[in-house]
Number of protein chains: 2
Amino acid sequence: MAALVPEVVVMRLPVYTRALVQLTAEGQEVISSQELGQLLRVTPAQIRKDLSYFGRFGRQGRGYNIRRLTVELQHILGIDRSWAMALVGVGHLGEAILNYRGFAPQGFNITAAFDTDPKRTGKKIGGITVQRLEEVRETIAARKIDIGIVAVPAAETQKVIDLLVAAGIKAILNYAPFAAQVPAGVKRRDIDPVLALQSMTFYLKESPK
Amino acid sequence: MAALVPEVVVMRLPVYTRALVQLTAEGQEVISSQELGQLLRVTPAQIRKDLSYFGRFGRQGRGYNIRRLTVELQHILGIDRSWAMALVGVGHLGEAILNYRGFAPQGFNITAAFDTDPKRTGKKIGGITVQRLEEVRETIAARKIDIGIVAVPAAETQKVIDLLVAAGIKAILNYAPFAAQVPAGVKRRDIDPVLALQSMTFYLKESPK
DNA sequence: GTATGTGAACCACTTCACAGCA
DNA sequence: TGCTGTGAAGTGGTTCACATAC
């Protein structure tokens with residue numbers, strides 16, 4: 001089934017899930033696709049269609065039970081468990097990622113960090129001891145690490161990603177400003193604030209300076 | 001013209017531009033859509049079509065002069081100039097953003113920072129003195145700030161974005177994990193590593209643990 | 001009455017394929 | 001000959017509209 005779900009749909013599910021969690025926190029129990037759509041600026045039809053790829057979660061005439069739908073979506077996404085991640089590159093950016101408080105509450109834990117610079121290896125940052133890059137392979141296997149985070153300079157990105165892929169990593173969160181290539185079967189998502197800015201200025205440039 | 005260019009196209013232009021800059025650094029002078037496509041894993045037809053929205057930059061039988069195309073794209077995107085940005089929220093994340101070295105080389109400069117916490121206002125971080133949030137409006141006007149960066153907790157995001165919009169900001173880079181709403185005419189791009197992770201685990205969950 | 005779930009219609013983006021030009 | 005630029009064809013995702021169920 002999973003193979004025929006459009007990737008855009010998969011990318012919207014976490015957005016829905018986050019909103020539902022928030023609604024539960026506010027005490028709401030039921031929601032219609034209409035209401036959720038207004039909240040997220042998405043058409044109700046799109047929400048219903050998206051959900052229909054995975055099952056039938058609503059009650060006609062009523063809407064969706066928020067708690068039930070949340071649990072279903074978390075299971076579909078695989079976020080009803082925790083995931084171990086390895087960070088490669090502990091410069092300014094990597095250090096900030098290690099100290100970032102937003103991952104753990106969502107079940108994403110950085111359990112290993114690597115760098116090539118001897119000035120950094122051995123240091124302990126955010127509770128994690130920075131290891132030498134050569135140890136990536138065995139550490140990933142030993143600690144059952146599922147996801148790689150890359151925060152190295154652009155020039156080293158491809159090499160590092162190849163290393164992670166060779167170590168069996170199937171998902172990479174890439175902070176480097178470089179469109180690295182991954183083989184089929186490996187997912188890559190880029191976090192690239194500069195690209196985001198550069199595509200917004202297109203719309204700004206005509207407005208009064 | 002700009003209005004009828006699909007947004008997906010606009011979002012690919014910075015990727016092309018970055019690759020072209022890199023190619024120039026490597027000494028290459030001409031490239032075909034075929035070759036650029038291979039490099040970026042994009043079809044040559046897509047590159048040619050994307051460029052055709054803006055003009056005719058190639059030479060038939062030859063390809064594209066890299067330097068010329070780079071200049072054209074930078075102009076189209078509005079990245080042939082510098083832009084002033086204001087940061088709101090100087091917690092852990094905001095501080096990392098202030099210290100991030102990747103913006104300035106691309107012409108994006110954070111020239112003001114704001115927070116509500118009196119423990120933070122007045123402090124100087126990365127060369128910027130943190131101001132009180134109430135000063136947003138006049139500072140943005142006085143310093144001709146074009147872009148807002150939001151790094152506040154989810155619960156405050158909408159309020160802060162409304163404030164920036166009221167101050168005349170037309171582009172917002174949002175790091176908060178919240179799908180805030182902006183009026184038509186204002187662009188928003190979200191930097192959300194958790195959403196990125198949550199949409200990748202969907203593909204991981206079936207593979208051996 | 002109300003809101004879901006879904007085939008069908010629609011729309012937008014991508015790819016094709018070739019005319020046109022260096 | 002080689003590669004661009006572009007209408008036309010193809011593809012995939014979104015929206016419609018209604019049968020269905022509560």
Side-chain angles (χ1 to χ4, degrees), chain A residues 1-16 19-20 23 28-73 76 179 199 202-203, chain B residues 1-16 19-20 23 28-73 76 179 199 202-203:
Chain A
M1 176 223 276
L4 36 139
V5 179
E7 184 146 1
V8 274
V9 172
V10 174
M11 296 190 67
R12 280 193 293 264
L13 298 187
V15 179
Y16 300 162
L20 294 171
L23 286 164
Q28 192 169 334
E29 288 179 10
V30 175
I31 195 164
S32 64
S33 59
Q34 167 97 88
E35 193 182 351
L36 185 59
Q38 265 172 325
L39 211 60
L40 297 174
R41 297 283 193 213
V42 163
T43 65
Q46 180 154 86
I47 292 173
R48 297 200 302 275
K49 186 62 133 184
D50 286 354
L51 297 178
S52 77
Y53 284 100
F54 304 98
R56 309 166 62 143
F57 308 115
R59 283 217 288 160
Q60 275 146 330
R62 288 273 289 156
Y64 301 89
N65 175 294
I66 295 178
R67 199 175 299 264
R68 152 112 198 280
L69 184 55
T70 305
V71 169
E72 295 277 8
L73 287 176
I76 290 163
S199 66
F202 173 80
Y203 300 97
Chain B
M1 176 223 276
L4 35 140
V5 179
E7 185 147 0
V8 275
V9 172
V10 174
M11 297 192 67
R12 280 192 294 266
L13 299 187
V15 179
Y16 300 161
L20 294 170
L23 286 164
Q28 192 170 335
E29 289 180 8
V30 175
I31 196 165
S32 65
S33 59
Q34 167 96 82
E35 193 183 350
L36 185 59
Q38 267 172 322
L39 211 60
L40 297 174
R41 297 285 193 211
V42 163
T43 65
Q46 180 156 85
I47 293 173
R48 295 201 302 275
K49 185 62 132 185
D50 285 354
L51 297 178
S52 78
Y53 283 101
F54 304 97
R56 309 165 63 144
F57 308 114
R59 283 217 287 160
Q60 276 145 330
R62 287 272 289 155
Y64 301 88
N65 175 294
I66 294 178
R67 199 176 298 264
R68 153 113 197 279
L69 183 55
T70 305
V71 169
E72 295 278 9
L73 287 177
I76 290 163
S199 67
F202 173 80
Y203 299 96

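Below, chain A is the first sequence line, B the second, and so on; all start at residue 1.
Comparing C/dT4, D/dC22, D/dT4 against the side chain of A/Tyr64 picks out C/dT4 as the nearest. In the set C/dA3, D/dT6, D/dC3, C/dA3 carries the atom at the smallest distance from any side-chain atom of A/Ser32.
When the P atom of C/dG20 is taken as reference, atom CZ of B/Arg48 falls 16 Å away, rounded to whole Å. Spacing between atom CG of A/Leu51 and atom P of C/dT6 amounts to 11 Å, rounded to whole angstrom units. Rounded to an integer number of Å, the gap from CG of A/Asp50 to C1' of D/dG13 is 10 Å. When the C1' atom of C/dG1 is taken as reference, atom CZ of A/Arg59 falls 15 Å away, rounded to whole Å. When the C1' atom of D/dT6 is taken as reference, atom CG of B/Leu4 falls 15 Å away, rounded to whole Å. In this entry the distance linking NZ of A/Lys49 with C1' of D/dT15 reads 9 Å, nearest Å. A/Arg12 has its CZ atom 8 Å from the P atom of D/dT15, to the nearest Å. Distance, A/Gln60 CD to C/dT6 P: 9 Å, rounded to whole Å.
Mapping B/Arg56 and A/Val9 onto DNA chain D by nearest heavy atom places B/Arg56 at the nucleotide closer to the 5' end.
The heavy-atom pair separating A/Leu4 from A/Tyr53 by the smallest distance is O-CE2, 4.3 Å.
For the pair A/Thr43 and D/dT14, the criterion of a side-chain N or O lying under 4.0 Å from OP1 or OP2 is not met. Applying the 4.0 Å criterion to OP1 and OP2 of C/dA3, one finds that A/Ser33 has every side-chain N and O outside that range. In this structure, A/Tyr53 does not reach the D/dT14 phosphate: none of its side-chain N or O atoms is under 4.0 Å from OP1 or OP2.
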**Item:** Trace of the side chain to side chain contact (heavy atoms under 4.5 Å, CB included) decision for A/Glu7 with A/Arg12
**Value:** CA-CA 9 Å; A/Glu7 184 146 1; A/Arg12 280 193 293 264; over 6 Å; no
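Within 6.0 Å of the CZ atom in B/Arg68, the count of heavy atoms belonging to other residues, nucleotides or ligands exceeds 12. Within a 6.0 Å radius of CD in B/Glu29, no more than 12 heavy atoms belonging to other residues, nucleotides or ligands are found.
Note that CG of A/Leu39 is 6.0 Å distant from CD1 of A/Ile31, once rounded to the nearest 0.5 Å.
Looking at A/Gln46, its side chain has no donor and acceptor atom pair within 3.5 Å of the base of D/dT15.
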